[in-house]
Amino acid sequence: MLSDRLVTAINDQINYEMYSANIYFAMQAYCDSLDLDGFANFFKVQIEEENFHTSKFYNFLNQMDARINIGAIEAPSNDYGSILEAFKEALNHEKKVTKRIYNLMNIATEERDHATMSLLKWFIDEQVEEEDTFNKLIKKLERIGDNAAALYMLDTELQARTFVPPTTSNAAN
Ligand SMILES: [Fe+2]
Ligand SMILES: [Fe+2]
């Protein structure tokens, strides 16, 4: 059985994952406003990733017979100065998520809750990938600079991104 402290902390994280999805929804809309369909598709897939994270925490609480509480979600920013700025904001956001996951792991470790620790191990690895994805795209965008042709090439490349749900047994949650 999970402690009240862990249930509250995981419910908070469910809210934060939904907030993450909404941030990427706003970024998708920003890319669509610039007719950058590939970048918009990138964020659409990112929303699916975040929804997957939400479901993973949701299913865990459900399996552990804990109550799920859905609260109000903070509004995301809808204005970005440039594509590069949107990606920098996304990376900053992912770094905040990583800190939150580490904090959750600290609580689970203090409480010697091995089931939660096992779940969070997956999220720790996932955050390495999330930060890497944004880091790489920021570097590409910085190299592209004002080169419109190069930007459209990257836009075409990002059009191909699809959401692939992880297939490990732990991830099936
Ligand atoms: Fe997430
Ligand atoms: Fe994320």
Side-chain angles (χ1 to χ4, degrees), residues 2 6-32 36 38-64 66 68-78 80 83-109 115-141 154 157-158 160-173:
L2 297 173
L6 263 178
V7 172
T8 302
I10 295 170
N11 267 304
D12 274 359
Q13 191 57 31
I14 285 179
N15 186 281
Y16 211 75
E17 296 294 346
M18 291 193 286
Y19 173 51
S20 302
N22 280 0
I23 287 175
Y24 297 137
F25 223 144
M27 290 180 179
Q28 181 190 359
Y30 173 71
C31 296
D32 269 325
L36 290 169
F39 282 94
N41 178 61
F42 171 88
F43 284 113
K44 182 173 166 277
V45 174
Q46 201 57 36
I47 294 163
E48 290 177 279
E49 296 254 351
E50 300 306 339
N51 289 343
F52 184 78
H53 299 164
T54 301
S55 297
K56 213 166 155 60
F57 281 119
Y58 181 104
N59 292 338
F60 179 73
L61 285 185
N62 204 21
Q63 285 176 327
M64 299 298 276
I68 293 141
N69 285 298
I70 305 299
I73 304 165
E74 196 187 322
S77 165
N78 281 286
Y80 305 97
I83 289 284
L84 178 60
E85 196 186 292
F87 274 83
K88 282 184 174 171
E89 249 190 78
L91 176 61
N92 273 338
H93 178 74
E94 288 298 340
K95 286 180 177 172
K96 280 187 211 161
V97 175
T98 303
K99 276 192 191 143
R100 292 180 65 103
I101 299 289
Y102 286 6
N103 186 47
L104 274 172
M105 184 60 114
N106 290 342
I107 298 172
T109 307
T116 306
M117 285 158 70
S118 172
L119 173 81
L120 291 171
K121 169 77 174 61
W122 183 88
F123 277 96
I124 287 169
D125 295 341
E126 174 74 357
Q127 282 310 115
V128 173
E129 276 183 39
E130 291 277 77
E131 289 193 26
D132 179 52
T133 301
F134 284 107
N135 251 324
K136 281 188 177 137
L137 282 166
I138 286 169
K139 279 186 194 146
K140 282 186 186 178
L141 283 166
L154 182 56
E157 190 184 314
L158 294 176
R161 188 188 192 210
T162 54
F163 176 63
V164 183
T167 50
T168 64
S169 59
N170 184 14
N173 284 321

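Atoms within a ligand are numbered from 1 in the order they appear, just like the ligands themselves. Keep in mind that what you see is a predicted model, and the values were worked out from it rather than measured.
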What distance do Leu6 atom CG and Leu104 atom CG have between them, rounded to the nearest 0.5 Å? 7.5 Å

Where do Glu89 and Ser77 come nearest, in terms of heavy atoms and distance? OE1-CB, 4.3 Å

Step by step, work out the salt bridge (Lys or Arg N to Asp or Glu O under 4.0 Å) result for Lys121 and Glu126. CA-CA 9 Å; Lys121 169 77 174 61; Glu126 174 74 357; over 6 Å; no

Consider only side-chain N and O atoms of Thr98 and Gln127, and report whether a donor and an acceptor are under 3.5 Å apart. yes

With sequence neighbours excluded, tell me which residues meet side-chain hydrogen bond (donor to acceptor under 3.5 Å, both in side chains) with Gln46. Glu130, Arg161

Please list, in chain and residue-number order, the protein N/O/S atoms closer than 2.8 Å to the Fe ion (ligand 1). Glu17 OE1, Glu50 OE1, His53 ND1

Going by atom types alone, do Ser20 and His93 pair a side-chain donor with an acceptor below 3.5 Å? yes

